[in-house]
Number of protein chains: 2
Amino acid sequence: MTQDAILRSLIADNLVSDPSGARGRLLREAARLFRDKGYERTTVRDLAAAVGIQSGSLFHHFRTKEEILKAVMVETIRLNTALMQAAMDKESTCYGKLRALIRAELEFINGQTGEAMAVLVYEWRSLSEASQLEVLELRDIYEQLWLDVLSTMKSEGSLKAEPFVVRRMLTGALSWTVTWYRPDGGLSLDGLTDQVVAMMGLTK
Amino acid sequence: MTQDAILRSLIADNLVSDPSGARGRLLREAARLFRDKGYERTTVRDLAAAVGIQSGSLFHHFRTKEEILKAVMVETIRLNTALMQAAMDKESTCYGKLRALIRAELEFINGQTGEAMAVLVYEWRSLSEASQLEVLELRDIYEQLWLDVLSTMKSEGSLKAEPFVVRRMLTGALSWTVTWYRPDGGLSLDGLTDQVVAMMGLTK
DNA sequence: CAATACCAAGCAAGCGCTTGGTTTGTAAAC
DNA sequence: GTTTACAAACCAAGCGCTTGCTTGGTATTG
């Protein structure tokens, strides 16, 4: 199943918005604005202007501004969880699976969904508590993929530290790449993945 | 030189505010509010109420709200750079120095200056470009301490990866601990430091 | 001809910051 | 040891502007 097929399947199930539709386009622009200026500094007028409509017209698609933020986060997690699951299923060894997870997350953070991933990290506090709980449920599914692999590696002896500590260190290290890594520099995404794996003292 | 002596020395040179003074108290409350609610969501009325004055009275101490944010960042970097330098100078080996740096930064992030350190990471975009440049200069001094040690280790062969990549991975991993690490849990700061060092494949 | 998508206008609330005047702390002058 | 002088710290009030969101009406589409 290709990445595109996964996206189309999620669109068909109404789990993520079609990027070419009105709603999808707005969410993409919203992610970009939220990352560049922050959620609070981005006004509904900014959002409307980005897709070429009046600010009031936004509220036919979303009831509140916060609902837009939540949608950005929810759809991003849904898509990336599915993509990550697929990337992992292609691998047979634990080492291969972990490398696939790292490679996939680096791609989420520095690729197409980079804006939305940054929003997920930096704008968490701007979500109401109710929305946070909702998004957290989806996030738990995503995190469980990591913990399963890391736990197996721990019990096999190829990992010394605690799986949940390792995952958290990786979360920080990988998401921070958004502040400095540029794909067009001298380091490819595969090269970056190599450095992360090497840093963990892992060998194939 | 004790940590307290370093603080007093900086206060005497007017590089950081006395925490017991009016200005210092405000900056501490500001750091807490900015971390908890974000800079934009924190109003000047919130800030004033936190130290028991009227909102207008704030502007006798700071010309703008942004100046408060900048002061939080600047004073934090000044203090922590001095503390870190002192912690490093006590060590003679590169391994010892790096461990001291990691240990110190974990302490900054999860100890007394934790609120301010989180602000430094999460509220960077809320600074005007002019202020960003100003803070960046101080930050460079801080970062150079890390790069010097890591570069020496690289040339000695005890570090395989690129120093600047390693530093950036560490920045992300360590600062992310603020979202999950609790000192009163089962893991001490020294234990956490051990896990980081072990994760890097380093041995004494 | 209904439903959907949108516009033009604007409201109520909250924002950062200003203003003019009062209190408080301090230290020299008498 | 009281008085005088003065600046720093603060208050009460509110201005001008921006914000998220609403409203009533008009195109567009199947």
Side-chain angles (χ1 to χ4, degrees), chain A residues 11 14 17-73 119 123-132, chain B residues 11 14 17-73 119 123-132:
Chain A
I11 293 172
N14 228 25
S17 308
D18 189 338
S20 61
R23 186 185 153 102
R25 275 209 337 276
L26 173 68
L27 289 182
R28 243 183 24 140
E29 291 298 320
R32 193 178 53 81
L33 284 166
F34 289 164
R35 187 202 54 177
D36 289 348
K37 325 201 324 175
Y39 172 77
E40 299 289 341
R41 290 178 106 90
T42 304
T43 68
V44 292
R45 287 165 181 82
D46 291 334
L47 292 168
V51 292
I53 58 174
Q54 291 294 317
S55 69
S57 308
L58 273 187
F59 295 89
H60 280 272
H61 302 280
F62 299 91
R63 271 177 312 174
T64 63
K65 181 187 168 191
E66 198 221 343
E67 202 171 279
I68 299 176
L69 177 63
K70 193 176 83 177
V72 167
M73 294 185 173
V119 170
E123 304 300 338
W124 183 250
R125 281 170 318 187
S126 297
L127 271 189
S128 71
E129 215 158 311
S131 300
Q132 281 190 12
Chain B
I11 293 172
N14 227 24
S17 308
D18 189 337
S20 61
R23 186 184 154 101
R25 275 209 338 276
L26 174 67
L27 288 182
R28 246 186 19 148
E29 292 297 321
R32 194 178 53 80
L33 283 166
F34 289 163
R35 189 201 53 179
D36 290 348
K37 323 201 325 175
Y39 172 77
E40 298 290 340
R41 290 179 105 90
T42 304
T43 69
V44 293
R45 288 165 180 83
D46 290 335
L47 292 168
V51 291
I53 60 174
Q54 291 293 317
S55 68
S57 307
L58 271 187
F59 295 88
H60 280 272
H61 301 281
F62 299 91
R63 271 178 310 173
T64 62
K65 181 187 169 191
E66 198 221 343
E67 202 170 281
I68 299 176
L69 177 62
K70 193 176 82 177
V72 167
M73 294 186 173
V119 170
E123 304 299 338
W124 184 250
R125 280 170 321 188
S126 298
L127 271 190
S128 71
E129 215 159 310
S131 300
Q132 282 190 12

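In what follows, every chain begins at residue 1, and chains take the letters A, B, ... in the order their sequences are listed.
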* Side-chain donor-acceptor pair present, Ser126(B), Glu66(B), cut-off under 3.5 Å ->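 Short answer, no.
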[X] [atom1] - [N] [atom2] separation (whole Å):
{"X": "Gln54(B)", "N": "dG20(C)", "atom1": "CD", "atom2": "P", "result": "18 Å"}
{"X": "Glu66(B)", "N": "dC15(C)", "atom1": "CD", "atom2": "C1'", "result": "16 Å"}
{"X": "Leu58(B)", "N": "dA9(D)", "atom1": "CG", "atom2": "P", "result": "13 Å"}
{"X": "Leu26(B)", "N": "dA9(D)", "atom1": "CG", "atom2": "C1'", "result": "13 Å"}
{"X": "Phe59(A)", "N": "dG10(C)", "atom1": "CZ", "atom2": "C1'", "result": "14 Å"}
{"X": "Lys65(A)", "N": "dT19(D)", "atom1": "NZ", "atom2": "C1'", "result": "8 Å"}

* Cation-pi check, Lys65(A) onto Phe59(A) ring (under 6.0 Å, within 45° of axis) ->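 No cation-pi geometry.
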* Whether Ser131(B) side chain and Leu127(B) backbone form a donor-acceptor pair below 3.5 Å ->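 Pair absent, no side-chain N/O of Ser131(B) close to backbone of Leu127(B).
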* Does the side chain of Ser57(A) get closer than 4.0 angstrom to OP1 or OP2 of dA5(C) through an N or O atom? ->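 No, Ser57(A) has no side-chain N/O under 4.0 Å of OP1/OP2 on dA5(C).
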* Asked: For DNA chain C, whose closest nucleotide is more 5', that of Gly56(A) or that of Ser55(B)?
  ->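 Per heavy-atom nearest nucleotide, the more 5' residue is Gly56(A).
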* Enter the distance from Glu123(B):CD to Tyr39(B):OH here, rounded to the nearest 0.5 Å. =>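 It comes to 9.0 Å.
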* Can a salt bridge be assigned to the pair Lys37(B) and Asp46(B) using a cut-off of 4.0 Å between side-chain N and carboxylate O? ->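 Here Lys37(B) pairs with Asp46(B) in a salt bridge, since their nearest N and O are under 4.0 Å apart.
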* **Electrostatic pair Glu67(A)-Lys70(A), nearest N-O below 4.0 angstrom** =>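 Here Glu67(A) does not pair with Lys70(A) in a salt bridge, since their nearest N and O are not under 4.0 Å apart.
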* Looking only at heavy atoms, which two atoms of Leu27(B) and Ala71(B) are closest? And how far apart? ->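 Reported closest heavy-atom pair: CD2-CB, 3.8 Å.
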* To do: State, yes or no, whether a side-chain contact exists between Phe62(B) and Val44(B) at a heavy-atom distance under 4.5 Å.
  =>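 Result no, sub-4.5 Å side-chain heavy-atom pair not found.
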* Under 4.5 Å between any side-chain heavy atoms of Leu26(A) and Leu58(A), yes or no? ->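 Yes. Closest side-chain heavy atoms under 4.5 Å.
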So which protein nitrogen or oxygen atoms get under 3.5 Å of nucleotides 25-30 of chain D's nitrogens or oxygens?
none

* Of residues 35-53 of chain A, the positions that come close to DNA chain C - non-hydrogen atoms, cut-off under 4.0 Å ->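 Arg45(A), Gly52(A), Ile53(A), in order of number.
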* Asked: Hey, does Thr64(A) reach any base, or is it just sugar-phosphate, or nothing, if we go heavy atoms under 4.0 Å?
  ->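 Sugar-phosphate contact only.
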